[in-house]
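Written below as structure tokens is the structure these notes are about.
Below, chain A is the first sequence line, B the second, and so on; all start at residue 1. Any value given below was found using the heavy atoms of this structure, including those in side chains, with hydrogens, waters and symmetry copies removed. Here the structure is a predicted model, which means the values were calculated and not measured.
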Amino acid sequence: MSAHVITMDAPVETSLLDTGAQGIIGKPLDRIDGPLKVAGKAIYAAEQDANTLHGVLVGARIGKGRVAAINEAATLATPGVIRVFTDFETFARNPQQGGEEEAPTQGVREIAYVGQPLALVVAENLEAAREGAEALVIAYEEEAGAFEREAHAAECETPPDASTPAHSSQGDLDRAMADAAVTIDVTYTTPSQSNAPMEPHATIARWDGDNLILHTANQMLASCRKQMADALGIEETNVRLIAPYVGGGFGSKLGIAPEAVAAALAARELGRPIKAVMSRPQVFEATVRRSDTRQRIRLAAGHDGRLTAIGHETLASNLDGEDFFEPAGIATHFLYAGENRSITHDLVRLNLTLSGSMRCPGEAVGMLALECAMDELAEALGMDPIALRKANEPERDPEQDIPFSSRNLIACMDRGAKEFGWDRRDPTPGGRREGEWLIGLGMAAAARSNLMQRSAARVTLRRDGAVIVETDMTDIGTGSYTILAQIAGEMLGAPIGRVQVSLGDTDLPPAAGSGGSWGANSAGSAVYAACEAIRAKLAGAMGASPGDLTLKDGEAIAGNRHVRIADLIDGDLTEEGAIRPGKTDEAFTQAAFGAHFAEVAVNAVTGETRVRRMLGVFAAGRILNEKTARSQCLGGMTFGLGAALTEELVHDIRNGKCVNHDLAEYHVPANADVPQQEVIFIEERDHAANPMLTKGIGELGISGAGAAIANAIHNACGVRVRDYPLTLDKLLPGLPPV
Amino acid sequence: MKTFDYARADSPEAAVAAADEETRFIAGGTNLLDLMKLQVMTPAKLVDISRLDLNRIEDMDEGGLRIGALVANSDLAADTRVRSRYAVLSRALLAGASGQLRNKASTGGNLLQRTRCYYFYDTASRCNKREPGSGCDAREGFNRIHAVLGTSEQCIATHPGDMPVAMRALDVVIVTLKKDGDRRRIPIADFYRLPGDTPQIETVLYPGELITHVELPPAPRGRQIYRKVRDRASYAFALVSVAGIASVEDGRIASAALAFGGLAHMPWRDPAVEAALIGQPPSTEAFNAAADALLTGARGFGHNDFKLPLARRTLIAVLRDLTGDAS
């Protein structure tokens, strides 16, 4: 079947989602997978088969060196242990990044970080496999490793360009700094963070002849399938990945991870299915971290607040041979005006866990620096932070001189200021005290590049009006099932309960998967395209033009004719649709925008910060489901809270060991940390983005959220900490005596 | 996870009879099971005491309460007698762990909670507590959560609990049953040990000795406060905590009991702190003198240096609240 392809070569004038009659698009519908999840009936990767052998990975306990020898005797003597698998050529050293088609870095004899998986111990049960893994004796030839960014900063290198250029500049930043009336030159640091999804990385590998079937926890199945085939040296068509439910990923499950490769190899050798689930420490040590960063921000402005220069230099870290760099300056390219600009990213090679994508790579930490520096500039100028941002609102992309596809930052700030009571902010820090608590307000802008990737989907309209949507898109807890059902239901005239959505299986048409906030844009547009093709067929059967066709509750309406769909088609009507990015990618700068507001209380005795309330106002094109979109924003704002106050993945600088590799000591915000949060969406359509006129929203909520909190802390107590997270020990020296 | 033998006891006597050197009793298992999965603890045998008849809170003749060792943290915190007469204990319990853990964790087990030292938890690191004689990776390592009082060359770990800190201020008595059938009544002041050269030995309990009850003496005079300072609002161990009980009469501090968490290998209580306060009018000077007494001999190891000013500030704030309106 040839697919109906929509290529985004020009803005879409009218979306069929704006003319649909079913009335379900945008509605705050409950997730259709919700009841399954709360009832424990959504079956995750490790639960797909109870009759498997169990494999437990053994990670390196040194940070750099080689495996000299492995003594398996004690492991093999452990009751229940079947075999120890090592494959120094094929095992994955670390996970692959998202979207790649090649295998992850392979070859594990050379050790690059503590936790690097070296062996898989397979046993009849999990307990025996764990005991056998603990008993494995590995002799190392240890070398001196590099475990601390600043100690090796001088040896940094410039990585190849990625989604954002490693280095870019225009004008003369130094000159502008020298000439400016007011300047800010500050350095912020952010620590390594862990994606820390609830569901650990998990795979059940099973072979059926030459065919490998993986029940696995991945965000992007189509590319993971290619990665796995390449890792094993087999054909892509011999690999099938199944992941109907994924318990969070936040970027750490974009690519194939070591447990999947090891399980596949061992299952082939033993001829039995093998389940390999990472332990919680392994999720912290052997999957993905967000890189630590050092960011120098330079801002030059006139007394009117207009920026003449912006500099954003980032130093991040990664393993040797891995090109990914945390693109902290990605939004700095387009967020504010200013003719002299320099945005750079450099990379230090460290012997630490792979750094890769963690929710909102780039902006999540870049905005922690940029948006606090803007707050510092506002204070230096004696300007309101919102007024400063308005003074620097660019009409067009300030570097590329092309229009924005849509941009409502000012509307977000104005609406937020009004709803939040921004006028009650005392610009003098430390001015408001309630008992022991110092109260402050802060704000920051949000920006997140909008992305769409090639995706395909198959939609079937049955004679009874029911609709079936099929794609290998994943739902990692975001609401993919629900929004795809809403899109198809709206376009084909089916109530939500009449739409069945099948996801997470590479036997289905390939989608872009969940990552980069492009899931809804990409998979949704593919469903849109398939539905458009079905509508064309129905219109033809009606003898009407597609534009005159209305579908509602299983009925086709054209002019004054009402026809049951069963009377229009002889059998199931199935069409494939596909979306491709096109010329609007180059013709417009596409991004979603927003504004964060936070009120915090800093304890004047202990330095403990408690966030009292947060408000996020977002403009992200059409909202497909107000409830799932809101939930994404709440989650993002909570991520921002963690980045600002609590999250820090600590490595021992002597040997590279991950110190706090469990959820008791790696502090994601607990329920009690998360205050009253409000989310407001500004009505918007983005005609250049895709035929649904949507923009990505999954990561927008993080961008700037932590900066709003940090700025509120400064407003509360006058202490400006530039070293995240802002834990109490860093605030204590600046607090008043007791 | 090491294989182990499992036995279920139907009486305290049977439990101690079934126990030997390699045995651990298991009740809620909220700490022990985690440590066993990581093979930080590898008992050869577990004796399950969770079904014993030790889950009541009883009034004692002299006015105190006898708490069965199996009373869950959440039940103890919610008991109306505890809430009204031993507020510091109820508050401390509710400041600990999470709701789910408090529902499962027992009174006896909570007294024996192991440290959260990162290096204790990692079998590939050196730790004298986990593996005596192997060394201590915390002293020169990342030691933000570690002790500043009563440390030794061998160990700078903290006791992570909240409940025991309140119990230390309340002077509870820990009642045990020994393997030979004898009962012991151990004042909490004598129950815990500093690390010294044997950080693996944390209490004075003999192998196979079972905690059966904790006795609360009659309610103390004055106000009670438990204040816990931590990195997040819930489900985080104390960086510093203070259990404080004090009364003021005729403008002077008449009684004071102050115990501290997060600072040492055991719930910390120093008579010099209380001596600096008793007989004094409440004042910042007196509170600072108490803090001076507390921190005499305290030392940080780098990342935890902040605990010294934090302990001082927190203590002063607690003392202000304890003596506030009366001063």
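Taken to the nearest 0.5 Å, the CG atom of A:Asn125 stands 10.0 Å off from the OG1 atom of B:Thr3. Taking NZ of A:Lys657 as the start and OH of B:Tyr118 as the end, the distance is 15.5 Å to the nearest 0.5 Å.
Between A:Asp662 and B:Arg116, some side-chain heavy-atom pair lies under the 4.5 Å cut-off. Within the 4.5 Å cutoff, no side-chain heavy atoms of A:Val650 are placed close to those of B:Arg144.
Only the side chain of B:Tyr119 comes within less than 4.5 Å of a heavy atom of chain A; its backbone N, CA, C and O stay farther away. Contact annotation for B:Lys37: both backbone and side-chain heavy atoms come within less than 4.5 Å of a heavy atom of chain A. Looking at A:Ala604, only its backbone comes within 4.5 Å of chain B, counting heavy atoms on both sides. With a threshold of 4.5 angstrom between heavy atoms, A:Pro737 approaches chain B through N, CA, C or O but not through any side-chain atom.
Residue pairs meeting the side chain to side chain donor-acceptor pair (under 3.5 Å) criterion with at least one partner in residues 637-651 of chain A, sequence neighbours excluded, are A:Thr638-A:Gln677, A:Glu647-A:Tyr666.
Interface check for chain B: of the options A:Val56, A:Thr78, A:Val674, A:Leu663, the most heavy-atom pairs under 4.5 Å are formed by A:Leu663. Between chain B and the residues A:Glu127, A:Arg61, A:Arg654, the most heavy-atom pairs under 4.5 angstrom are made by A:Arg654.
Contact residues of residues 308-317 of chain B toward chain A are B:Leu310, B:Arg313, B:Thr314, B:Ile316, B:Ala317 (heavy-atom distance under 4.5 Å). Taking non-hydrogen atoms and a 4.5 Å limit, the residue list of residues 123-138 of chain B in contact with chain A, ordered by number, reads B:Thr123, B:Ala124, B:Ser125, B:Asp137. Among the residues in residues 226-237 of chain B, those with a non-hydrogen atom closer than 4.5 angstrom to a non-hydrogen atom of chain A are B:Arg227, B:Lys228, B:Val229, B:Arg230, B:Asp231, B:Arg232, B:Ala233, B:Ser234, B:Tyr235, B:Ala236, B:Phe237.
Residues B:Gly141 and A:Asp652 approach most closely at CA-OD2, 4.0 Å, considering heavy atoms.
Annotation: B:Glu140, atom CD; neighbour count of heavy atoms from other residues, nucleotides and ligands within 6.0 Å does not exceed 12. The number of heavy atoms from other shown groups lying within 6.0 Å of CG (A:Asn671) does not exceed 12. For B:Glu153, the CD atom is loosely surrounded, since the number of other residues' heavy atoms within 6.0 Å does not exceed 12.
Applying the side chain to side chain contact (heavy atoms under 4.5 Å, CB included) test between B:Lys2 and each of A:Glu134, A:Arg130, A:Glu131 identifies A:Glu131 as the sole match.
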Steps toward side-chain contact (heavy atoms from CB on, under 4.5 Å) verdict (B:Leu239, A:Glu608): CA-CA 11 Å; B:Leu239 295 167; A:Glu608 289 165 291; over 6 Å; no
